[in-house]
Amino acid sequence: MSESTDSVHDSETVEPGRYLPNEIEPRWQQRWIDDRTYEIDNDDPREKRYVLSMYPYPSGPAHIGHVRNYTFGDLLVRYHTMNGKGVLSPIGFDSFGLPAENAAIATGEHPRPFTDAKVEELSSSLRNIGAVYDWRRTVKSHDPSYMKWTQWIFKRFWEAGLAYRANAPVNWCPGCQTVLANEQVIDGLCDRSGDVVQRRDMEQWFYKITDYAQELLDELDNLEWPDRVKLMQRNWIGRSEGAEFGLPIADESGGPKVDAEPLAVYTTRPDTGFGMTFAVMSPEHPRVDELTTPEQADAVNAFRAEVADKSDIDRMSTSAALDKRGVFTGSRVVNPFNGKAIPLYLADYVLMTYGTGAIMAVPGQDQRDWDFAKTHGIDIVRTVQPSAAFDGDAYTGDGVAINSEWLDGLAVAEAKPKAIDFLVEQGLGNRKVNFRLRDWLLSRQRFWGCPIPMIYCDACGIVAVPDEDLPVVAPDDVEFRPTGESPLKYHEGFLNVACPTCGEPARRETDTMDTFVDSSWYFLRFADPWNDQLPFSKEAVEEFLPVDQYIGGVEHAILHLLYARFFTKALADLEVGPKSLREPMKRLFTQGMVRMGGGKMSKSRGNTVSPEQTVADHGADALRLAILQVKPPAEDVDWEDFQLDGCERFLHRVWRLAATDSDLIKNVRDGDPTDADDAIVTATHVLIARVTGEYERWAYNTAVAGFMEFTNTLYKYVQSAEGPHRATLGSAIDTLLLLMAPAVPHISGELYERRTGGNAHLESWPVADPAKLVVSTVTMVVQVNGKVRDRIEVATEITDADAERLALASPTVQSHLDGEPKKIIVRAPKLVNIVA
RNA sequence: GCCCGGGUGGCGGAAUGGCAGACGCGGCGGACUCAAAAUCCGCUGUCCGAAAGGGCGUGUGGGUUCGAAUCCCACCCCGGGCACCA
């Protein structure tokens, strides 16, 4: 054996045990499972907390965005557990969806084994970062025991009229070969494939979310959600107040035609009625044929054909010339405010899907109407007096009514109700609230989703699959082809079925549900995942819901979060859920995204980060700490800004300080504590108070700074000439480990156990002793004209008079004074400001 | 166009009316070492100055205040949401 080998050997025997994350982390992860530390039973006596991160789509091993999300959730689960709460921390998988089906089309293999493998990979990733769940409660959207209740709930909605089938113009994505929800269409493009969305008329299933529009709007006020998310939902629901009324159809003489149904219009500005110089119908309006004169028929038909050809994105582009965007019907209607006959046009800027599909046009107060009137040579009458400085076209601001007979002189807010009163008196219309929100189109022409449990019978019509036959599960032997229809449609064994009512041959519904249906109730199932009689019991849901803290990406601000609220309300009304549970998520936190080099991180760009590799290289605790340290959780963060090396270095410093065989700690004292020791005790309690507050308000980045500062302080302390006091140091380190335990659970658990024999994760959360937070002296700042000129150590309880006297006595302060001070502001003991 | 956020060192950020730049990264210097790495200690906004010390400084301009990164007004820039919704 050579000398050099010996010397390496020797040095290893005297070196303290090193921090080896890959050795300790798997052991602790297994232990949390074996000890069932984070499993909770429904009859657990502790006060309950429900902490939930949005369940993920299983796309394989966790990506860095997942890791960030689940680290925040895991920290809270552990923190609340140490605070004595019984924490429900479940995990599930949003396991239906297009990627698995697209893979099936590519490989010909069934999506189930593909999905199951991805679920396993993601589960393993989550365990590898030290995230803890009650795995017994895991739910998966594609699990028949979950599908059964998704279908059961669909049936209850159907029976209550909250699910219905209708022919509707729908958004069709040619790339995905399916219908999309309004929410999945962004700027006329499919939010998944980016294809231009086409409009088609199809028979579809809808959930009647519009029944809840008002409540969904009102109850936002009571939620502890980010204002941004609440605002986005408010805008999406889009409530507007106005009037719906009829415009009588004019005869040749310009008077109202007695036998014709008036044309219904909706306006938010009934006060501007006297300025209505034309009216407009949507090109899709059902009364277009009836209200088009023979002379104009050719022009109208040409226009309608042109509009029908356009995609929504073309139709919305404002660049199209306005004379191409509308056509005269040849008919006139009567403005009921002044009795004048006005022309009726078609224009593509009026949508059939909002209001009545027809409008009164007031060019003086609406810019689109103004532009249209200019192009078509229509009169413009202002009915609101613009402010003196105004030099634009249409005036939409406040002002007094003009050119409006009996409304003249009234402000907009006064004129509106008076105009509505007039319409009511005339028997033409009434006050009306409109919402932008549409019903939720839930059917998808896809295989890998939850089948809609309905049957079409020639004799009985639409019949639901009986409850005892649920779940309807798709067969395995299907052919995966992109046909524009679900492969179920070509599977005779699935398609053909006896009608449950009359027994005659009938056909199954082959469409499946939007995956957002699955995610609209999974948080309820977590409370009672073993229930095979009901989706969940009311008692179990009452025990845990609402979710105390929901965590997820802001990209779900509208879709998922609105649907989940709708489901919770509807289930309560159907007495499936507890009556009092009107809102599912009491508090919501939306964490920021992880970017890469300023751009989006995506597989197609090849700039993804592998958390698995990072854990292998640095340890899960270092990755967790870097996530917490780099930025406030709500903000987007760039992977390039992560400081993994610094975080790993810090953990080594903690290890060296806290390890029982530390080479750092020498000259340990016992006996009476000194001033230096008292300062450490104070610093320990200050840290407890600080970190507790920071965990509560999601200030994880400054909590990490607190750990680092305290560790730096302890390093100075143990290296001081005087040496550390045994009990003081021990308690400081033990406390630090407990405070860090929710953030970096493996190293904290390991060191705490080596030091005390106890399990940090089962210990009580430290509480700051107010008596120990008190300090005897503080640094008082002395300013002259607001500029700091001196700092003086003073007793905490110094009087204002003493503070002022000390400040004036300072030589540096004196050198900045020129004669008698004009004024002295004293904020003892922190500050004195002398105005010279 | 409308509605929200936000703008602080070389970089990520801290400070919510009272010491601007905590903590970390990076950089510089020192100790240890034959040497390097690791580790430990110190310095690090900027300008003037040998130093002591001083000037300037939180997107821009104004205001309120004894005192403003923080509050108010106007503007510029960046990010996000909504956008023919009558």
Side-chain angles (χ1 to χ4, degrees), chain A residues 18 186-187 226-236 238-240 242 265-269 272 279-280 282 312 315-318 320 325 347-351 353-362 365-369 371-372 396 434-438 554-555 557-558 592-593 625-626 629-632 634-638 640-647 649-650 652-653 656 663-664 699 701-712 715-716 719 779-791 812 815-816 821-827 830-836:
Chain A
R18 290 177 45 229
I186 311 293
D187 291 337
D227 287 341
R228 184 167 61 130
V229 173
K230 293 205 245 184
L231 191 70
M232 282 162 70
Q233 291 213 350
R234 276 190 197 103
N235 290 340
W236 189 262
R239 182 183 199 272
S240 68
V265 294
Y266 174 74
T267 183
T268 56
R269 294 295 301 275
T272 63
V280 188
S282 165
D312 276 2
R315 186 163 165 177
M316 286 194 302
S317 74
T318 44
R325 300 188 61 193
D348 67 358
Y349 73 81
V350 175
L351 308 176
T353 47
Y354 186 79
T356 61
I359 61 162
M360 69 173 211
V362 186
Q365 268 75 230
D366 182 285
Q367 190 60 41
R368 286 158 310 172
D369 295 348
D371 294 338
F372 194 87
T396 54
N434 255 326
F435 294 94
R436 210 189 73 117
L437 182 71
R438 313 290 155 70
V554 74
E555 67 272 17
I558 297 171
M593 284 198 309
L625 193 70
Q629 185 252 10
V630 64
K631 238 184 179 191
E635 291 176 32
D636 286 354
V637 58
D638 205 297
E640 293 176 353
D641 294 326
F642 274 64
Q643 294 165 6
L644 264 172
D645 291 337
C647 289
R649 189 176 304 156
F650 166 74
H652 277 102
R653 275 167 73 80
R656 203 177 157 202
D663 66 328
L664 191 68
N701 54 331
T702 54
V704 173
F707 301 147
M708 291 176 167
E709 283 171 48
F710 190 64
T711 301
N712 292 343
Y715 261 66
K716 286 200 178 71
Q719 293 177 99
T779 305
M780 182 174 78
V781 170
V782 185
Q783 300 177 330
V784 178
N785 294 328
K787 285 187 195 297
V788 178
R789 296 301 180 187
D790 202 3
R791 297 181 178 89
T812 29
S815 72
H816 286 93
K822 289 198 185 78
K823 191 173 175 183
I824 300 178
I825 287 95
V826 183
R827 296 283 180 274
K830 290 182 74 179
L831 173 132
V832 174
N833 187 16
I834 299 162
V835 186

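In this text the structure is predicted, and so the values were computed from the model without any measurement. Naming convention: chains lettered A, B, ... in sequence-line order (proteins, then strands); numbering from 1 in each chain.
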Full working for side chain to side chain donor-acceptor pair (under 3.5 Å) between N833(A) and R827(A): CA-CA 8 Å; N833(A) 187 16; R827(A) 296 283 180 274; over 6 Å; no

Taking atom [atom1] in both [N] and [M], compute the distance separating them and give it to the nearest angstrom.
{"N": "rU46(B)", "M": "rG57(B)", "atom1": "C1'", "answer": "7 Å"}
{"N": "rG45(B)", "M": "rG9(B)", "atom1": "C1'", "answer": "5 Å"}
{"N": "rG59(B)", "M": "rG49(B)", "atom1": "P", "answer": "29 Å"}
{"N": "rA69(B)", "M": "rU16(B)", "atom1": "C1'", "answer": "10 Å"}
{"N": "rC11(B)", "M": "rC76(B)", "atom1": "P", "answer": "25 Å"}
{"N": "rC48(B)", "M": "rA38(B)", "atom1": "C1'", "answer": "41 Å"}
{"N": "rA14(B)", "M": "rC78(B)", "atom1": "P", "answer": "23 Å"}
{"N": "rA52(B)", "M": "rU64(B)", "atom1": "P", "answer": "38 Å"}

State whether the distance check finds a donor on one side and an acceptor on the other, under 3.5 Å, for side chain [X] versus base [N].
{"X": "R438(A)", "N": "rC85(B)", "result": "yes"}
{"X": "R827(A)", "N": "rG18(B)", "result": "yes"}
{"X": "R791(A)", "N": "rC19(B)", "result": "yes"}

Where the side chain of [X] is concerned, which of [options] is the nearest nucleotide?
{"X": "Y266(A)", "options": "rC85(B), rA20(B), rA86(B)", "answer": "rA86(B)"}
{"X": "T702(A)", "options": "rA15(B), rG54(B), rA20(B)", "answer": "rA15(B)"}
{"X": "R436(A)", "options": "rG54(B), rA83(B), rG18(B)", "answer": "rA83(B)"}
{"X": "E709(A)", "options": "rC66(B), rA22(B), rC4(B)", "answer": "rA22(B)"}

Whether the D371(A) and Y349(A) side chains hold a donor-acceptor pair (N or O, under 3.5 Å, no angle test) is what I'd like checked. no

Checking side-chain polar atoms at under 3.5 Å, does D790(A) have a donor or acceptor matched by the opposite partner on T812(A)? yes

Verdict with supporting geometry, Q783(A) and R789(A), side-chain contact (heavy atoms from CB on, under 4.5 Å): CA-CA 5 Å; Q783(A) 300 177 330; R789(A) 296 301 180 187; over 6 Å; no

Using OP1 and OP2 only, check whether a side-chain N or O of [X] sits under 4.0 Å from [N].
{"X": "K787(A)", "N": "rA68(B)", "result": "no"}
{"X": "N701(A)", "N": "rA14(B)", "result": "yes"}
{"X": "Y354(A)", "N": "rA86(B)", "result": "yes"}
{"X": "K830(A)", "N": "rG18(B)", "result": "no"}

Rounded distance in Å - [atom1] ([X]) to [atom2] ([N]):
{"X": "R269(A)", "N": "rA86(B)", "atom1": "CZ", "atom2": "C1'", "answer": "11 Å"}
{"X": "Q629(A)", "N": "rA14(B)", "atom1": "CD", "atom2": "C1'", "answer": "12 Å"}
{"X": "D790(A)", "N": "rG54(B)", "atom1": "CG", "atom2": "P", "answer": "10 Å"}
{"X": "D636(A)", "N": "rG81(B)", "atom1": "CG", "atom2": "P", "answer": "10 Å"}
{"X": "R368(A)", "N": "rG1(B)", "atom1": "CZ", "atom2": "C1'", "answer": "12 Å"}
{"X": "M708(A)", "N": "rG24(B)", "atom1": "CE", "atom2": "C1'", "answer": "6 Å"}
{"X": "Q643(A)", "N": "rG10(B)", "atom1": "CD", "atom2": "P", "answer": "17 Å"}
{"X": "R789(A)", "N": "rG18(B)", "atom1": "CZ", "atom2": "C1'", "answer": "16 Å"}

Between I834(A) and V782(A), is the side-chain contact (heavy atoms from CB on, under 4.5 Å) condition met? List the steps. CA-CA 8 Å; I834(A) 299 162; V782(A) 185; 4.3 Å; yes

Heavy-atom check, side chain of [X] versus side chain of [Y], under 4.5 Å:
{"X": "N701(A)", "Y": "Q629(A)", "answer": "no"}
{"X": "L625(A)", "Y": "F650(A)", "answer": "yes"}
{"X": "V832(A)", "Y": "M780(A)", "answer": "yes"}

Quick one: on RNA chain B, does D641(A) or D369(A) contact a more 5' nucleotide (nearest heavy atom)? D641(A)

Contact nearer the 5' end of RNA chain B, comparing K823(A) with H816(A): H816(A)

Heavy atoms only, 4.0 Å cut-off, all strands: where does [X] land among base, sugar-phosphate and nothing?
{"X": "G646(A)", "value": "sugar-phosphate"}
{"X": "R234(A)", "value": "nothing"}
{"X": "T353(A)", "value": "nothing"}
{"X": "L231(A)", "value": "sugar-phosphate"}
{"X": "N235(A)", "value": "nothing"}

Would the distance check show the side chain of D366(A) and the main-chain N or O of D369(A) forming a donor-acceptor pair, the cut-off being under 3.5 Å? yes

NZ or CZ of R436(A) within 45° of Y354(A) ring axis and under 6.0 Å: no

Gap between atom [atom2] of [Y] and atom [atom1] of [X] - 0.5 Å precision:
{"X": "R239(A)", "Y": "R234(A)", "atom1": "CZ", "atom2": "CZ", "result": "12.5 Å"}
{"X": "M708(A)", "Y": "R649(A)", "atom1": "CE", "atom2": "CZ", "result": "10.0 Å"}
{"X": "H652(A)", "Y": "C647(A)", "atom1": "NE2", "atom2": "SG", "result": "13.0 Å"}

Nucleic acid footprint by protein, nucleotides 36-45 of chain B - heavy-atom cut-off 4.0 Å, B for base, S for sugar-phosphate alone: ---SSSS---

As a test of the definition: with a 90° window around 0 for syn, would you call rG9(B) syn or anti? syn

Please map the stems of RNA chain B, keeping only stretches of three or more Watson-Crick or G-U wobble pairs with both distances under 3.5 angstrom. B:1-7 with B:76-82, B:10-12 with B:23-25, B:26-31 with B:39-44, B:45-48 with B:53-56, B:59-63 with B:71-75

